[in-house]
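Quick caveat, the model's predicted, so the values are computed rather than measured. Proteins come first, then strands; the chains are lettered A, B, ... in the order of their sequence lines, and each starts at number 1.
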Protein chains: 2
Amino acid sequence: MNAEPTIQTYINSLFPSFEPKLKEVLIENGSLKTFAANEMLMHTGQNMRSTILIVEGLVKLYRQGEDGNEFFMYYLQPGNACALSMICATKQETSEVMARAIEPTIGLMIPISLMDTLMKEYKTWYYFVLETYRSRFEELLTVIDNIAFKSMDERLAFYLEKKFSDLKTRSLSITHGEIANDLNSSREVISRLLKKMEQRREVILHRNYIEYLK
Amino acid sequence: MNAEPTIQTYINSLFPSFEPKLKEVLIENGSLKTFAANEMLMHTGQNMRSTILIVEGLVKLYRQGEDGNEFFMYYLQPGNACALSMICATKQETSEVMARAIEPTIGLMIPISLMDTLMKEYKTWYYFVLETYRSRFEELLTVIDNIAFKSMDERLAFYLEKKFSDLKTRSLSITHGEIANDLNSSREVISRLLKKMEQRREVILHRNYIEYLK
DNA sequence: CGATAACGGTGACTTAGGTCACTCTGATGA
DNA sequence: TCATCAGAGTGACCTAAGTCACCGTTATCG
């Protein structure tokens with residue numbers, strides 16, 4: 001992580017599986033785009049013009065309900081691609097999902113016009129795309145499992161566990177209200193459940209942040 | 001629908017978008033496999049050896065919870081491919097999803113060893129695969145929307161509407177218990193909600209089947 | 001510094017939906 | 001033809017979780 005990494009350094013460190021010629025093509029045709037924290041990368045109804053590979057930052061994907069409430073799905077981190085930008089890009093369809101940068105984020109933008117050729121010419125790209133689909137698919141299945149079969153306290157536990165491990169930290173700066181939002185619940189409920197977790201010595205609660213004890 | 005349709009006739013009628021050479025390759029390398037009603041096409045933990053294109057019958061995809069209860073996701077009909085068999089096939093991964101024939105079903109089995117070539121050589125195949133992913137992805141998003149944001153009566157209404165339109169029928173032979181299973185609810189709840197729908201003249205209830213009035 | 005707003009805690013209440021227990025009815029089959 | 005059983009209806013009850021109202025604490029900013 002230099003002061004000013006180039007496309008080349010990003011690709012080499014984050015996408016080592018790409019074959020050399022593919023890397024060249026991406027370096028030639030891709031462009032870096034920065035997103036401020038809280039900026040939308042993608043929103044409902046938008047038409048995609050590029051596929052996005054995340055090279056820096058953190059992106060939150062969520063579903064928006066009719067009445068405006070959100071429902072967290074998963075994060076994209078450096079090295080991930082946005083499966084939806086791939087699908088929607090190739091199909092010229094609009095997406096029903098919101099993607100918002102929650103940290104300052106840099107995306108490597110690949111013009112959709114390139115997709116066909118990349119798929120056809122570069123096996124490592126094709127595998128990468130498939131793997132992207134597969135892992136996002138699995139992620140959605142896990143989401144479904146959770147909301148279909150689990151109760152709120154289990155979902156909260158799962159949410160925290162995933163969050164702590166995704167972000168590789170022991171103390172998370174987040175409010176109860178934000179968690180409630182992500183789980184489509186209400187602050188009071190989350191507060192009460194967190195309190196129980198604290199009593200079970202699984203977390204320690206502070207104002208604006210939570211410590212994880214497992 | 002002849003007495004004994006061949007691979008060729010299936011492909012021509014169900015996959016008209018495929019380019020001629022692709023059709024030839026599929027005819028040469030694919031094989032038809034029949035599944036009895038209630039037979040599993042795919043179950044949790046299984047390793048895939050082929051990609052499956054459905055050419056006859058009806059397949060139900062569902063998620064299995066730890067405690068054994070099911071959760072309906074979507075149907076596959078003739079002309080559809082199993083997105084999971086594609087993903088898992090290429091990645092040699094196991095799947096967390098169950099696929100069960102609910103009518104006598106015929107699948108056109110494409111050996112996974114062919115996938116790379118097909119993707120590379122035949123644009124119409126590549127588009128077909130992407131479209132398969134995209135539509136299943138959308139389907140999962142809809143499922144998430146429903147369980148995350150909707151109440152049971154809305155979900156039931158949605159379920160019936162989809163079922164009637166998917167199966168192109170006005171009277172559905174299904175028990176309340178089966179519906180409850182699909183929605184991961186309980187028979188009594190479904191019975192009560194159905195009764196309300198009947199009072200609103202949206203359905204007529206009979207023993208073992210339901211008439212739809214919209 | 002004082003006002004204000006965000007965050008979090010808590011009790012009281014409501015409600016959707018799950019569970020239990022029992023009944024009735026139509027179908028099946030010995 | 002009678003016994004059995006699956007499907008369905010229904011009342012009573014329970015519980016998780018959402019909602020409301022209110023309060024205390026901490027951080028921030030004019």
Side-chain angles (χ1 to χ4, degrees), chain A residues 37-38 65-72 102 143 145-160 163 171-212, chain B residues 38 65-72 143 145-160 163 171-212:
Chain A
N38 282 323
E66 284 142 14
D67 43 350
N69 46 10
E70 307 182 351
F71 186 88
F72 170 70
I102 62 168
V143 168
D145 265 13
N146 283 332
I147 44 182
F149 300 128
K150 307 276 169 76
S151 55
M152 206 60 213
D153 57 346
E154 293 173 291
R155 288 175 53 202
L156 176 60
F158 181 86
Y159 172 89
L160 289 178
K163 197 123 180 167
S171 98
L172 190 59
S173 85
I174 195 170
T175 69
H176 299 184
E178 287 173 300
I179 299 177
N181 229 334
D182 282 353
L183 296 176
N184 196 42
S185 174
S186 70
R187 184 191 55 81
E188 296 93 317
V189 172
I190 299 300
S191 277
R192 282 194 261 265
L193 293 176
L194 279 173
K195 183 113 293 194
K196 282 188 199 158
M197 290 185 73
E198 191 175 40
Q199 281 156 12
R200 276 183 267 120
R201 317 272 149 181
E202 294 168 16
V203 293
I204 302 178
L205 303 178
H206 307 268
R207 189 187 177 84
N208 281 316
Y209 75 101
I210 299 176
E211 266 181 273
Y212 202 53
Chain B
N38 283 324
E66 285 142 14
D67 41 353
N69 45 8
E70 308 181 353
F71 186 88
F72 170 71
V143 169
D145 266 13
N146 283 332
I147 43 183
F149 298 129
K150 306 276 168 77
S151 56
M152 207 60 212
D153 56 347
E154 292 175 291
R155 289 175 53 202
L156 176 60
F158 181 86
Y159 172 88
L160 288 178
K163 197 123 181 169
S171 99
L172 191 59
S173 85
I174 195 171
T175 69
H176 300 183
E178 287 172 300
I179 299 177
N181 229 335
D182 282 352
L183 296 176
N184 197 43
S185 174
S186 71
R187 184 191 56 80
E188 296 92 319
V189 171
I190 299 300
S191 278
R192 282 195 261 266
L193 293 176
L194 279 173
K195 183 112 295 197
K196 283 187 199 161
M197 292 184 71
E198 190 174 41
Q199 281 155 12
R200 278 183 267 121
R201 317 271 150 183
E202 293 168 17
V203 293
I204 302 178
L205 304 179
H206 307 267
R207 189 187 175 84
N208 280 318
Y209 75 101
I210 299 176
E211 266 181 90
Y212 201 54

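When distances are taken from the side chain of Lys195(A) to each of dG9(C), dT19(D), dG17(C), the shortest belongs to dG9(C). The side chain of Ser151(A) lies closest to dA16(D) when the candidates are dA8(D), dA16(D), dG11(C). Residue Thr175(A) has its side chain nearest to dG8(C) when only dG8(C), dG18(C), dG9(C) are considered.
Phosphate proximity of dA8(D) to His206(B): absent, as no side-chain N or O sits under 4.0 Å from OP1 or OP2. Within the structure, every side-chain polar atom (N or O) of His176(B) is placed at least 4.0 Å from both OP1 and OP2 of dA6(D). Between dG9(C) and Ser191(A), a contact under 4.0 Å exists linking OP1 or OP2 to a side-chain N or O. At dG17(C), none of the side-chain N or O atoms of Ser185(B) fall inside 4.0 Å of OP1 or OP2 (strictly under the cut-off).
Over its full length, the helix from dC1(C)-dG30(D) to dA30(C)-dT1(D) turns its helical axis through 30°, comparing axes from the five pairs at each end and rounding to 10°.
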**Asked** Where do Lys163(A) and Ile179(A) land on the side-chain contact (heavy atoms from CB on, under 4.5 Å) test, with the steps shown first?
**Response** CA-CA 11 Å; Lys163(A) 197 123 180 167; Ile179(A) 299 177; over 6 Å; no
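For the pair Arg187(A) (side chain) and Ala180(A) (backbone), a donor-acceptor distance under 3.5 Å is absent.
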Between the protein and nucleotides 21-28 of chain C, which nitrogen or oxygen pairs come in under 3.5 angstrom?
none

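Under the ring pair (Phe, Tyr, Trp, His ring centres under 6.0 Å) criterion, Phe71(A) pairs with no residue, sequence neighbours left out. Under the side-chain hydrogen bond (donor to acceptor under 3.5 Å, both in side chains) criterion, Asn184(A) pairs with Asn69(A), not counting sequence neighbours.
A side chain to side chain donor-acceptor pair (under 3.5 Å) check over residues 190-200 of chain B, counting only residues at least two apart or in different chains, returns the pairs His176(B)-Ser191(B), Arg200(B)-Glu202(B).
Heavy-atom minimum distance, Leu194(B) versus Val203(B): O-CG2, 4.1 Å.
Contacts of residues 196-203 of chain B with DNA chain C (heavy atom under 4.0 Å): none.
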